[in-house]
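Structure first, then comments.
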Amino acid sequence: MLDRKFILENIELVKQNCANRGVRVDVDAFAALEEKRKALQADVEKLNRDANLVSKSIGQAKDPAERDARKEEGRRLRDQTQERQNELAAVEEESLAIHRMIPNLSHPDAPIGVDDKSNLERFRGKTPIPHFDFKPLDHVELAEKLDMIDFEAGGRVTGHGFYFLKNDAVLLELALQQYAINTLVAEGFTPITTPDLARNDVLVGIGFSPRGPETQIYSVDGTDLSLIATAEITLGGMMAEQTLESDQLPIKYCGISHCFRTEAGAHGKATRGLYRVHQFTKIEMFAFTTAEESNIMLEQLRGLECKLFDGLGIPYRVVDTATGDLGGPAYRKFDLEAWMPGRGENGEYGEVTSTSNCTDYQARRLNIRYRVKGEKGSRFVHTLNGTAIAVSRAIIAIMENYQQADGSIVVPEVLRPMMGKSVIEAKR
RNA sequence: GGAGAGGUGGCUGAGUGGUCGAAAGCGUCGGUUUGCUAAACCGAUGUACGGGUCAAACUGUACCGCGGGUUCGAAUCCCGCCCUCUCCGCCA
């Protein structure tokens, strides 16, 4: 959420930002409701004050008749307070509903545009796009030949969008996790394995909606829990309601979790194979920083994503996400799109990671603050997240880029120690 | 899952209906003393939101795990939930 006061003092800016992001919100209505809310708040406080004074005087009054009279007065004031409070609650709810819809501000350098067509390519990876002297297969065909993924059984056991990894795909998943974690620990990240479920209010704080027809989230019946869509939820939630010291920051976590997504409304799009699935394993980076440090941290996270994929020898490009494609919480976002030779007609880029600076937008909802020595009060931390490795999509990129004419797959050098082999080939 | 105990400020810990935003101690910060250190002594020391101010001072409301309820008045009484600890059961 944005700061209420900030919105009121910068209405035009906020409106323009909503327009840039393709978000339709009635900011004026919000401002009007806020005026009303403030007035009611002042009324309630005034009534409370009077009622408190009356209550205190009762304890001191000795004459029983006098006490009864004041009790009556107190009752009257409390009734009035209650009435105003109800009004206030109603206005607050209305105001909050709009407030929640207002997206974060956007970085001045983020390309302006209402959808991903305006995304701007910023970098390319070190690895050139491979040229095959044969018709490259896609990962589904390769997996079939090498007995690595069982989609059929996934459908039978759980449903469409689920799969079993088998044989070398399992080794690959484990190796990728190890590779990512090793790399990040060396960079000062604290490794974490997180719960795969979280309370709904944590999901909401991070910016997900557990309910509703559009939801990406599986919720567990009869509880207030949902399966997480990303470890961003649990890692961010770890610090909810905490006040940190500025010298503890930045805090850098890398979390391993499973991610669950309903992908509601995604039917009809390219859903073949592992690309869009309901469950996958992901190593996620998450950082809490001071307000001053978050832009630099975003660069660091982006740099680490590049390092990881350069290390894997996967060709990619980095895209600066357009305002309309940022989602609610992000101030700026970079997507890393890996080259996938089996995608589309002659290969296409497909998103494999994404890193965002959410500034204080999530922290305000989750109430994560920090104190600066010598400063009164506290500020909201800035939160950032970034994918290190989303295993399912990384597997696609590896299988398709490293495939050989004979249908085998060369193992990226950095994974060989963990895989214990340098080639994945069909069993004789 | 069952039984019991408990959740109070940065920490320890008092407080069972009124002047309690909350004793005391510790810690922290400032000062006095001191050649330095230590000790002693004096003083200050919660947060959020609002009013006020150039900024302060000052001031209002709320906050004793969370949410409701009773009452003129709740840290204190009642209900629900969450969490922690102990014991039992179950289990990887």
Side-chain angles (χ1 to χ4, degrees), chain A residues 1-9 30-96 99-100 193-205 210 219-226 233-234 237-249 251 258 291 360-381:
Chain A
M1 282 191 286
L2 292 181
D3 182 40
R4 283 171 169 163
K5 215 192 295 177
F6 178 88
I7 299 171
L8 296 181
E9 286 167 1
F30 174 77
L33 283 166
E34 277 300 289
E35 287 310 318
K36 220 164 142 187
R37 188 186 64 78
K38 279 189 188 173
L40 284 167
Q41 178 86 50
D43 286 357
V44 168
E45 287 184 3
K46 167 83 166 63
L47 285 165
N48 262 335
R49 176 169 174 247
D50 294 348
N52 285 343
L53 287 174
V54 170
S55 292
K56 283 190 182 173
S57 77
I58 292 172
Q60 286 152 354
K62 296 189 183 77
D63 176 34
E66 177 67 21
R67 289 171 68 109
D68 284 343
R70 291 195 191 172
K71 280 187 188 180
E72 188 47 50
E73 170 72 358
R75 253 190 294 269
R76 197 180 57 77
L77 284 167
R78 295 290 174 190
D79 285 348
Q80 274 183 40
T81 310
Q82 192 55 52
E83 233 172 86
R84 279 306 163 94
Q85 209 133 40
N86 293 343
E87 282 179 59
L88 176 63
V91 170
E92 231 162 19
E93 195 184 333
E94 227 181 309
S95 160
L96 187 63
H99 193 178
R100 274 203 235 273
T193 62
T194 95
D196 287 342
L197 292 95
R199 291 185 204 286
N200 288 331
D201 50 345
V202 176
L203 289 259
V204 169
S219 41
V220 180
D221 234 11
T223 72
D224 65 340
L225 295 176
S226 294
I233 292 165
T234 40
M238 278 179 88
M239 291 297 177
E241 306 297 327
Q242 305 297 302
T243 301
L244 308 164
E245 300 294 332
S246 61
D247 54 21
Q248 292 177 263
L249 298 171
I251 293 171
H258 293 118
D360 58 0
Y361 193 86
Q362 292 175 327
R364 191 166 281 116
R365 288 191 183 191
L366 292 168
N367 196 22
I368 310 175
R369 298 163 182 272
Y370 70 102
R371 247 190 282 278
V372 180
K373 270 205 175 60
E375 230 178 66
K376 260 192 135 176
S378 56
R379 308 196 224 166
F380 289 105
V381 301

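Proteins get letters first, then strands, A, B, ... in listed order; numbering begins at 1 in each. Note that this is a predicted model, so its numbers are computed, not measured. Only heavy atoms go into these numbers, but all of them, side chains included; no hydrogens, no water, no symmetry mates.
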Counterpart residues, salt bridge (Lys or Arg N to Asp or Glu O under 4.0 Å), relative to A/Arg37 (two or more places apart)
A/Glu34

Interatomic distance, A/Asn52 CG vs B/C63 P [rounded to whole Å]:
9 Å

Report the distance from atom CZ of A/Arg49 to atom P of B/U61, rounded to the nearest whole Å.
6 Å

Using Watson-Crick or G-U wobble geometry with both distances below 3.5 Å, tell me the partner of B/G43, or none.
B/C29

What integer distance in Å separates A/Asn48:CG from B/G21:P?
14 Å

Without decimals, in angstroms, what is the distance between A/Glu92 CD and B/A62 P?
15 Å

Mind checking the C1' distance from B/C64 to B/G1? Whole angstroms is fine.
32 Å

Spacing between A/Asn367 atom CG and B/A62 atom C1', to the nearest angstrom:
15 Å

Base, sugar-phosphate alone, or nothing: which one does A/Arg70 contact when heavy atoms must sit under 4.0 Å apart?
nothing

Within the 4.0 Å heavy-atom criterion, would you say A/Arg67 contacts the bases, only the backbone, or no part of the nucleic acid?
base

For B/A24, give the paired nucleotide (Watson-Crick: N1-N3 plus N6-O4 or O6-N4; G-U: N1-O2 and O6-N3; both under 3.5 Å), or none.
B/U12

Across all strands shown, which nucleotide pairs with B/U84 by Watson-Crick or G-U wobble geometry, both distances under 3.5 Å?
B/A5

Rounded P spacing from B/A14 to B/U61 in Å:
30 Å

How far, in whole Å, is B/A74 from B/U86 if one measures between their C1' atoms?
30 Å

Any-strand Watson-Crick or G-U partner of B/G18, both distances under 3.5 Å:
B/C72

Here the gap from A/Arg70 atom CZ to A/Lys56 atom NZ, rounded to the nearest 0.5 Å, amounts to 14.0 Å

Between B/G7 and B/C81 - C1' atom distance, rounded Å:
14 Å

Under the rule for salt bridge (Lys or Arg N to Asp or Glu O under 4.0 Å), what residues qualify as partners of A/Glu73, not counting sequence neighbours?
A/Arg76

Do the side-chain N or O atoms of A/Arg78 get closer than 4.0 angstrom to the phosphate oxygens (OP1, OP2) of B/U71?
no

For A/Glu83, which residues count as a side-chain contact (heavy atoms from CB on, under 4.5 Å) partner, sequence neighbours excluded?
none

Say you pick atom P in B/G18 and the same atom in B/A3; how far apart are they, in whole Å?
33 Å

Just jot down the salt bridge (Lys or Arg N to Asp or Glu O under 4.0 Å) partners of A/Arg84, sequence neighbours excluded, or say none.
A/Asp43, A/Glu87

Where protein sits on nucleotides 46-55 of chain B, one letter per nucleotide: B base, S sugar-phosphate only, - none, heavy atoms under 4.0 Å
-SS-S-----

P-based separation of B/G21 from B/A5 [nearest Å]
30 Å

When rounded to whole Å, the CG to C1' distance for the pair A/Leu77 and B/U61 reads 15 Å

For residues 237-245 of chain A, tabulate all N or O donor-acceptor pairs below 3.5 Å that involve a side-chain atom, not counting sequence neighbours.
residue, atom, partner, partner atom, Å
A/Glu241, OE1, A/Asn367, ND2, 3.2
A/Gln242, NE2, A/Ala240, O, 3.3

B/C36: pairing nucleotide in any strand, Watson-Crick or G-U under 3.5 angstrom
none

Is it the case that atom CZ in A/Arg100 sees more than 12 heavy atoms from other parts of the structure closer than 6.0 Å?
no

Comparing nearest nucleotides in RNA chain B, the 5'-proximal residue of the pair A/Ser57, A/Lys71 is A/Ser57

Answer for the Watson-Crick or wobble partner of B/A55, both distances under 3.5 Å, is none

For nucleotides 74-85 of chain B, tabulate all protein N/O to nucleotide N/O atom pairs closer than 3.5 Å, reporting atom names and distance.
residue, atom, partner, partner atom, Å
B/C82, O3', A/Arg199, NH2, 3.2

B/A48 and B/G13: how far apart are their P atoms, nearest whole angstrom?
26 Å

Could you please spell out the steps behind the side chain to side chain contact (heavy atoms under 4.5 Å, CB included) verdict for A/Met1 and A/Leu96?
CA-CA 10 Å; A/Met1 282 191 286; A/Leu96 187 63; 4.0 Å; yes

Starting from C1' on B/G60, measure out to CG on A/Asp43 and report it in whole angstrom.
13 Å

Stepwise side chain to side chain contact (heavy atoms under 4.5 Å, CB included) test for A/Arg78 and A/Ser55:
CA-CA 10 Å; A/Arg78 295 290 174 190; A/Ser55 292; 3.5 Å; yes

Whichever of A/Lys46 and A/Ser55 has its nearest RNA chain B nucleotide further upstream toward 5':
A/Ser55

Please give the distance between the C1' atoms of B/U47 and B/G10 as a whole number of Å.
12 Å

Mind checking side-chain contact (heavy atoms from CB on, under 4.5 Å) for A/Glu45 and listing every partner two or more places apart, or none if nothing turns up?
A/Gln41

By side-chain contact (heavy atoms from CB on, under 4.5 Å), A/Arg379 pairs with (sequence neighbours left out) A/Ala291, A/Glu292, A/Tyr370, A/Val372, A/Glu375

Kindly determine whether A/Thr234 and A/Val202 satisfy side chain to side chain contact (heavy atoms under 4.5 Å, CB included), including the steps that lead there.
CA-CA 8 Å; A/Thr234 40; A/Val202 176; over 6 Å; no

Counting Watson-Crick and G-U wobble pairs only, both distances under 3.5 Å, name the nucleotide matched with B/C49, or none.
B/G60

Please report, rounded to the nearest Å, how far the C1' atom of B/U28 is from the CG atom of A/Asp247.
14 Å

